[in-house]
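Each remark here refers to the structure printed beneath this line.
Keep in mind that this is a model prediction, so the values were computed, not measured. Letters A, B, ... mirror the listed sequences (proteins, then strands); counts begin at 1.
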Protein chains: 2
Amino acid sequence: MRKVFLFMDTICNKVDGKGRVSLPSDYRAIVKDLSSEIVCYRSLSLPCIEGCLEETLDKLAADIENSTDFFSEAQDNLTNLVFGDAKRFPFDSTGRIMLSEKLLKHAGITNEAVFVGKGRKFQIWNPENWAKEEARIRAEALKNRPSLKPKENE
Amino acid sequence: MRKVFLFMDTICNKVDGKGRVSLPSDYRAIVKDLSSEIVCYRSLSLPCIEGCLEETLDKLAADIENSTDFFSEAQDNLTNLVFGDAKRFPFDSTGRIMLSEKLLKHAGITNEAVFVGKGRKFQIWNPENWAKEEARIRAEALKNRPSLKPKENE
DNA sequence: ACAATAGCTATGGTATATCATGGGATTTTA
DNA sequence: TAAAATCCCATGATATACCATAGCTATTGT
């Protein structure tokens with residue numbers, strides 16, 4: 001049986017002078033049975049950081065391994081990019097991680113970081129950029145709404 | 001094996017100054033075998049809060065995972081909207097949850113909250129808004145009634 | 001059939017634990 | 001040995017857990 005774990009909610013935390021950020025406690029709770037670290041990498045398409053459990057990347061690797069179709073080759077390349085970029089970030093007893101310059105710069109994060117749950121993954125944004133992105137997504141979703149609610153009448 | 005559970009009935013409870021509300025005991029009974037928390041998020045289309053079991057959202061996460069690839073943009077937008085907004089709300093031994101400002105504001109809830117069962121999900125409304133919405137739905141249903149019943153059972 | 005009672009629910013109030021955050025001390029690395 | 005990273009403790013704010021009460025429902029007994 002698979003344990004249910006989902007990264008959820010949107011939380012804004014401070015980044016202090018040393019580059020430290022508190023990982024939201026809900027996020028830690030998900031991880032803490034397995035380990036005390038998460039994996040982060042630069043998003044391929046957006047100016048934000050992506051994070052997940054090492055387990056999730058492991059599953060991605062396994063999927064690529066077992067897939068033989070043509071499209072997997074393209075995905076294989078993307079996967080390489082992710083694995084080349086990804087790094088473990090352990091958090092201390094107070095629940096903080098220290099993000100690297102590279103990641104912070106990619107996301108344009110300085111004083112504050114917004115954690116956005118995405119289910120199996122999460123993202124870390126600069127607050128202003130996230131506000132814009134959220135508005136964009138909501139507008140987009142409103143246009144295509146019917147496709148968003150396949151389970152409504154289950 | 002799948003356990004039968006349905007959120008049903010319509011119940012109005014008080015919301016105190018801190019934003020605490022008693023989750024209807026019937027709802028709690030459904031959850032308590034699995035955990036002691038529910039998940040709530042803003043409805044995408046209506047001025048109300050939606051609630052369900054984490055399990056239900058987990059199924060959605062799994063569906064998204066299986067129907068789109070890891071790097072899909074569609075997946076990005078959808079997961080951001082749903083999981084970025086959702087949050088776990090644990091209830092204590094007296095059965096209360098504490099709703100966030102964001103949710104209460106979206107639904108226009110101040111003193112009282114109406115819980116409306118919807119099967120696998122439920123909604124939480126401002127009483128006046130719910131009265132209007134219910135009237136609207138009833139009228140709508142009446143218009144379409146003939147198509148709701150199979151002819152042979154007339 | 002009616003009254004007493006026991007159990008549960010909703011709700012108000014309060015104490016406790018937890019979280020995010022700041023700062024200092026210690027260790028590591030370049 | 002200077003700079004950076006890690007660890008540890010302190011603190012204020014906030015959420016959580018717990019206790020108490022009042023009202024309702026169903027049950028029991030006479």
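Closest contact between the side chain of A:Pro24 and the listed nucleotides C:dG22, D:dA5, C:dA20 involves C:dA20. For B:Ser25, taking side-chain heavy atoms from C-beta onward, the closest of the listed nucleotides D:dT16, C:dA10, C:dA20 is C:dA10. Nearest nucleotide to the side chain of A:Arg20, out of C:dA20, C:dG24, D:dT16: C:dG24.
Panel note: side chain B:Arg42, backbone B:Asp85; no donor-acceptor pair is recorded below 3.5 Å. At least one donor-acceptor pair under 3.5 Å links the side chain of B:Arg120 to the backbone N or O of B:Phe5.
Note: CD (A:Glu101) to C1' (D:dA4) measures 12 Å, nearest angstrom. Per the geometry, CZ belonging to B:Phe91 stands 14 Å off C1' belonging to C:dT9, to the nearest Å. Protein atom NZ of B:Lys87 is 6 Å distant from nucleotide atom P of D:dT16, rounded to whole Å. B:Met98 has its CE atom 13 Å from the C1' atom of C:dC19, to the nearest Å. Atoms CD1 (B:Ile11) and P (C:dT11) sit 11 Å apart, rounded to a whole Å. Regarding B:Asp92, its CG atom lies at a distance of 13 Å from the C1' atom of C:dT14, rounded to whole Å. We find that CG of B:Asp16 is positioned 9 Å from P of C:dG13, with the value rounded to whole Å. If you take CD1 of B:Ile97 and C1' of C:dT11, they are 14 Å apart, rounded to a whole angstrom.
For the residue pair B:Ile97 and B:Ile38, the shortest heavy atom distance occurs at CD1-CD1, 4.1 Å.
At the heavy-atom level, A:Asn13 lies under 4.0 Å from the strands shown only through sugar-phosphate atoms. Residue contacts for A:Thr94: at a heavy-atom cut-off of 4.0 Å it reaches a base atom on one of the strands shown. A:Ser22 comes within 4.0 angstrom of a base, heavy atoms only.
The shortest distance between the side-chain N/O atoms of A:Arg96 and the OP1/OP2 oxygens of C:dG23 is not below 4.0 Å.
The aromatic rings of A:Tyr27 and A:Phe115 stand perpendicular to each other, their planes meeting at an angle above 60°, with 30° marking the opposite boundary.
Donor-acceptor pairing under 3.5 Å, judged by distance alone, is present between the side chain of B:Lys18 and the base of C:dT14.
Using modelled atom types and a 3.5 Å distance limit, the side chains of B:Asn80 and A:Lys118 yield a donor-acceptor pair.
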